[in-house]
J.: 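Structure below; questions to follow.
Predicted, not measured: the structure shown is a model, and the values here were computed from it.
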Amino acid sequence: MKRTLTILVLAAAAAATAHAQETYWIANRASQDIMEVSPWGSIRDRIFMNTALRSAHVAPDGKVWVVRFIQGTFDIVNPTTRSISSFAAPGNPFDLAFDAQGTAWMTAGAVVANFDANGTLIQTYALTAPAPLGIAIDPAGNKWIAHRTNPASVSRIDPTGTVTNHPLTGAPGTFLPVRVASDFRGLLQPSHIWVVGDGPSHLFELDDTGATLNMYLPPATGLGNIAVAPNGNIWLGNTGGTLLEIDHTNGAVLSTYTQSPSSVLGLAFDLGGKLWATQRLTFSGVGPPCEVRRIDPATGNIEVPGVLQYGTNSGIGTQSALSTPYNYALVVAPFADDDGDGEVNYTEVIQATNPRDSLSNGKFHAQTTGVTRIGSTPTIDVTTPAGTFWMMGFGFGLVAPGSGYTNPAITGEFRMDPSLILPVNVSGVGNTSIPFPIPNSAAFVGMEFFMQGIYVGGVGTGFTNITGLLIW
């Protein structure tokens with residue numbers, strides 16, 4: 001990319017100001033706040049909650065449901081208006097998941113509670129085993145719940161509301177289930193259910209009836225965090241900083257990485273198929289902000305650390321996964337069209353576009369990939385049909401949604417701040433991957449770029465989705 005150095009030099013005194021279109025959320029227990037994270041690891045916003053927090057969950061309607069730490073209430077936050085509404089739960093909430101109808105299912109005390117999108121209680125479901133913690137929903141609408149007790153078991157609430165309990169065959173008495181995940185095996189195919197927990201290293205695989213298919217013994221203890229990759233493989237993390245990739249077909253360990261200096265307390269994949277690991281660097285008091293790191297699955301390298309710092313506010317005590325709509329869009333509601341662009345969620349997740357951004361789809365999608373540290377060479381990756389001409393500009397800020405440039409002949413909205421646009425651009429025809437070499441100079445640390453432009457071709461004329469890059 002010939003003009004990269006020019007772009008970086010021009011960036012020296014600039015600062016980003018507004019919000020990107022695709023963002024995720026995470027809760028910080030000790031600093032009592034939630035933070036908005038961009039796909040390239042910058043912190044876009046912070047909302048103070050004034051109470052200890054366990055986790056944050058982005059709902060299908062874009063609101064953020066916040067689980068407080070060992071309290072009988074939860075909150076729903078509207079990020080646009082910054083309003084916070086609090087609701088009582090039938091017990092202390094631990095985890096929640098959203099179904100294809102947009103309602104929430106929450107483990108709370110001895111029950112699972114179902115709430116509508118506005119936080120109104122619909123119904124509670126009594127469970128026959130105690131200590132329900134993690135919850136997941138499969139493509140058929142079954143709700144799966146891990147019980148942190150022995151004998152080890154999971155419960156299932158089927159679409160009719162019938163509750164059944166299923167023992168984990170072969171589990172030792174010291175194994176305590178904590179997290180459960182539902183995988184994706186193709187459209188209209190039943191999921192397999194994966195369970196991890198505290199105690200000895202065990203990974204259980206169940207079929208959609210609750211029968212134990214396999215018990216695997218990964219080489220680490222306390223693997224209490226789990227995420228399912230786009231290729232079906234299982235990723236596990238523990239408090240010792242171990243990060244494992246497990247072959248979903250046979251339980252073999254494919255990759256072993258160590259994240260330092262602290263523990264892996266949450267794992268998630270985003271809508272681009274990228275892996276994020278929550279690192280609790282400081283539990284309370286004085287110390288560095290916690291991080292939500294984007295990890296290269298092929299090498300274990302940190303692509304961007306995602307330092308949870310917003311202004312002078314540090315995210316402290318973070319202990320949950322970054323909330324992304326990846327699992328919801330692929331597993332729970334694959335036939336929905338969350339962004340109304342005419343492409344269903346499943347199609348967009350498979351092609352690594354964004355089912356929550358109407359400008360990111362089969363017509364055009366751009367994202368940045370790779371390590372964005374000084375001295376590295378990440379890439380700007382464009383996916384678009386052959387013959388489509390595109391051009392993207394660079395800038396340091398965006399205007400608010402609805403305040404940008406629109407044209408009846410062009411799909412979408414151009415949101416780059418005119419006062420912060422650089423006099424350079426990149427262009428191409430069809431799929432392209434453009435290297436972006438970053439000079440090995442500390443002067444560039446902390447610079448953030450936004451990129452947006454226009455495409456023209458057989459698929460029509462439209463503004464591109466917004467992407468970005470943060471140098472660290």
J.: Are the aromatic ring centres of Tyr328 and Phe98 under 6.0 angstrom apart?
T.: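 So the answer is no for these two rings.
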J.: Judged by modelled atom types alone, do Thr411 and Lys363 share a side-chain donor-acceptor pair under 3.5 Å?
T.: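 There is no such pair (donor and acceptor under 3.5 Å, judged by atom type) between the side chains of Thr411 and Lys363.
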J.: Once you round to the nearest 0.5 Å, how far does CD of Glu348 lie from CG of Leu330?
T.: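 Interatomic distance, Glu348 CD to Leu330 CG, rounded to 0.5 Å: 12.5 Å.
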J.: For the rings on Phe396 and Phe449, is their centre-to-centre separation under 6.0 Å?
T.: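 For Phe396 and Phe449, the ring centres are under 6.0 Å apart.
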J.: Under 4.0 Å between a Lys/Arg side-chain N and an Asp/Glu carboxylate O for Asp339 and Arg356?
T.: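 No, this pair does not count.
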J.: At their closest point, which heavy atom of Gly102 faces which heavy atom of Pro60, and how far apart are they?
T.: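 Looking at all heavy atoms of both residues, the closest pair is CA-CG, 4.0 Å.
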J.: For Thr318 and Asn28, what are the C-alpha separation, side-chain angles and deciding distance, and is it a side chain to side chain donor-acceptor pair (under 3.5 Å)?
T.: CA-CA 4 Å; Thr318 315; Asn28 302 308; 2.6 Å; yes
J.: According to the interplanar angle, ranging from 0 to 90°, do the rings of Tyr346 and Phe184 count as parallel (below 30°), tilted (30 to 60°) or perpendicular (above 60°)?
T.: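 Answer is tilted, since the angle falls between 30° and 60°.
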J.: Is the distance between the ring centroids of Phe364 and Phe463 less than 6.0 Å?
T.: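 No, the ring of Phe364 stays outside the 6.0 Å limit from the ring of Phe463, centre to centre.
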J.: Please walk me through it: do Leu398 and Ile466 pass side chain to side chain contact (heavy atoms under 4.5 Å, CB included)?
T.: CA-CA 9 Å; Leu398 307 172; Ile466 297 167; 4.0 Å; yes
J.: Can Arg415 and Gln452 be said to form a side chain to side chain contact (heavy atoms under 4.5 Å, CB included), step by step?
T.: CA-CA 8 Å; Arg415 288 184 48 214; Gln452 191 182 20; 4.1 Å; yes
J.: Within a strict 4.5 Å, meaning less than it, do heavy atoms of the Asn233 and Ile246 side chains meet?
T.: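 In short, these two side chains do not touch, never coming nearer than 4.5 Å.
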J.: Which heavy atom in Thr149 sits nearest to a heavy atom in Pro177, and how many Å separate them?
T.: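 So the minimum-distance heavy-atom pair works out to O-CD, 3.7 Å.
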J.: Just jot down the salt bridge (Lys or Arg N to Asp or Glu O under 4.0 Å) partners of Arg293, sequence neighbours excluded, or say none.
T.: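 Residues passing salt bridge (Lys or Arg N to Asp or Glu O under 4.0 Å) with Arg293: Glu291.
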J.: Could I get the full list of salt bridge (Lys or Arg N to Asp or Glu O under 4.0 Å) partners for Asp198, not counting sequence neighbours?
T.: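 For Asp198, the residues satisfying salt bridge (Lys or Arg N to Asp or Glu O under 4.0 Å) (neighbours in sequence not counted) are Arg148.
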J.: Among side-chain atoms of Thr406 and Glu413, is any donor-acceptor pair under 3.5 angstrom?
T.: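 No, no side-chain donor-acceptor contact under 3.5 Å.
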J.: Is a donor from one side chain sitting under 3.5 angstrom from an acceptor on the other, for Thr239 and Ser263?
T.: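 No, no side-chain donor-acceptor pair sits under 3.5 Å.
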J.: Looking at CE of Met106 and CZ of Phe87, how far apart are the two atoms once the value is rounded to the nearest 0.5 Å?
T.: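 These two atoms lie 10.0 Å from each other.
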J.: Search all heavy atoms of Val304 against all heavy atoms of Trp40 and return the closest pair with its distance.
T.: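 Minimum heavy-atom contact is CG2-O, 3.5 Å.
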J.: Below 3.5 Å, can you tabulate the donor-acceptor pairs from side chains in residues 115-122 to any protein atom, sequence neighbours excluded?
T.:
{"unit_1": "Asp116", "atom_1": "OD1", "unit_2": "Asn118", "atom_2": "N", "d": "2.9"}
{"unit_1": "Asp116", "atom_1": "OD1", "unit_2": "Gly119", "atom_2": "N", "d": "3.1"}
{"unit_1": "Asp116", "atom_1": "OD1", "unit_2": "Thr120", "atom_2": "N", "d": "2.9"}

J.: Given the rule in the ring-ring contact (aromatic ring centres under 6.0 Å, His included) test, do Phe74 and Trp65 qualify, once you have shown the distances and angles that lead to the verdict?
T.: CA-CA 7 Å; Phe74 64 95; Trp65 290 51; 5.4 Å; yes
J.: Name each donor-acceptor pair under 3.5 Å that joins a side chain in residues 133-147 to protein atoms two or more places apart or in another chain, with its distance.
T.:
{"unit_1": "Asp138", "atom_1": "OD1", "unit_2": "Ala140", "atom_2": "N", "d": "3.0"}
{"unit_1": "Asp138", "atom_1": "OD1", "unit_2": "Gly141", "atom_2": "N", "d": "3.1"}
{"unit_1": "Asp138", "atom_1": "OD1", "unit_2": "Asn142", "atom_2": "N", "d": "2.9"}
{"unit_1": "Asp138", "atom_1": "OD2", "unit_2": "Asn142", "atom_2": "ND2", "d": "3.0"}
{"unit_1": "Asp138", "atom_1": "OD2", "unit_2": "Trp144", "atom_2": "NE1", "d": "3.0"}
{"unit_1": "Lys143", "atom_1": "NZ", "unit_2": "Gly141", "atom_2": "O", "d": "2.7"}
{"unit_1": "His147", "atom_1": "ND1", "unit_2": "Ala129", "atom_2": "O", "d": "3.3"}
{"unit_1": "His147", "atom_1": "ND1", "unit_2": "Pro130", "atom_2": "O", "d": "2.9"}
{"unit_1": "His147", "atom_1": "NE2", "unit_2": "Ser155", "atom_2": "OG", "d": "2.7"}

J.: Which heavy atom in Arg179 sits nearest to a heavy atom in Ile226, and how many Å separate them?
T.: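 So the two residues come closest at CB-CG2, 3.9 Å.
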J.: Any salt bridge linking Arg156 with Asp208? Criterion: basic side-chain nitrogen under 4.0 Å from a carboxylate oxygen.
T.: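 No, this pair does not count.
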J.: With His192, which residues qualify under side chain to side chain donor-acceptor pair (under 3.5 Å), at least two apart?
T.: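 Listed in chain order: Arg185, Glu205.
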J.: Is it true that a side-chain atom of Thr432 and a backbone atom of Gly430 form a donor plus acceptor pair closer than 3.5 Å?
T.: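 The answer is yes, because a donor-acceptor pair under 3.5 Å joins these two groups.
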J.: What pair of heavy atoms forms the shortest contact from Leu236 to Pro218, and how long is it?
T.: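 Smallest interatomic distance, heavy atoms only, reads CD1-CG, 3.9 Å.
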J.: Asp75: what forms a salt bridge (Lys or Arg N to Asp or Glu O under 4.0 Å) with it, not counting sequence neighbours?
T.: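 Salt bridge (Lys or Arg N to Asp or Glu O under 4.0 Å) check on Asp75 returns Arg68.
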J.: Which residue in the set Asp341, Asn345, Leu271, Val349 passes side chain to side chain contact (heavy atoms under 4.5 Å, CB included) when paired with Asn354?
T.: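 The passing option is Leu271.
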J.: Within this structure, what is the CD-CD1 distance for the pair Glu245 and Ile295, rounded to the nearest 0.5 Å?
T.: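 One finds 13.0 Å between CD of Glu245 and CD1 of Ile295.
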J.: Out of curiosity, Leu275 CG to Leu267 CG, how far, rounded to the nearest 0.5 Å?
T.: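 The CG atom of Leu267 is 6.0 Å from CG of Leu275, to the nearest 0.5 Å.
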J.: Hey, can you tell me if Trp235 and Phe269 have their rings parallel, tilted or perpendicular (30° and 60° cut-offs)?
T.: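 The rings of Trp235 and Phe269 stand perpendicular, inter-plane angle above 60°.
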J.: May I ask you to decide if Ala366's main-chain N or O and Asn465's side chain share a donor-acceptor pair within less than 3.5 Å?
T.: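 Here the side-chain-to-backbone pair exists.
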J.: Ring centroids only, cut at 6.0 angstrom: are Trp105 and Tyr125 within range, meaning strictly under it?
T.: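 Yes, the ring of Trp105 comes within the 6.0 Å limit of the ring of Tyr125, centre to centre.
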J.: Between Thr103 and Asn114, does a side chain to side chain donor-acceptor pair (under 3.5 Å) hold up when you go through it step by step?
T.: CA-CA 7 Å; Thr103 74; Asn114 182 212; 3.1 Å; yes
J.: What I want to check is whether the side chains of Asn431 and Thr383 have a donor and an acceptor closer together than 3.5 Å.
T.: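 No pair is found: no donor N or O on one side chain lies under 3.5 Å from an acceptor on the other.
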J.: Compare every heavy atom of Thr23 with every heavy atom of Glu36, then report the nearest pair and how far apart it is.
T.: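 Of all heavy-atom pairs spanning Glu36 and Thr23, the closest is OE2-OG1, 2.7 Å.
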J.: With heavy-atom distances below 4.5 Å as the criterion, would you say the side chains of Leu127 and Val112 are in contact?
T.: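 Answer yes - side chains close enough.
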J.: So if I apply the side chain to side chain donor-acceptor pair (under 3.5 Å) rule between Thr369 and each of Lys274, Glu303, Arg294, which one comes out positive?
T.: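 By the side chain to side chain donor-acceptor pair (under 3.5 Å) criterion, Thr369 pairs with just one of Lys274, Glu303, Arg294: Lys274.
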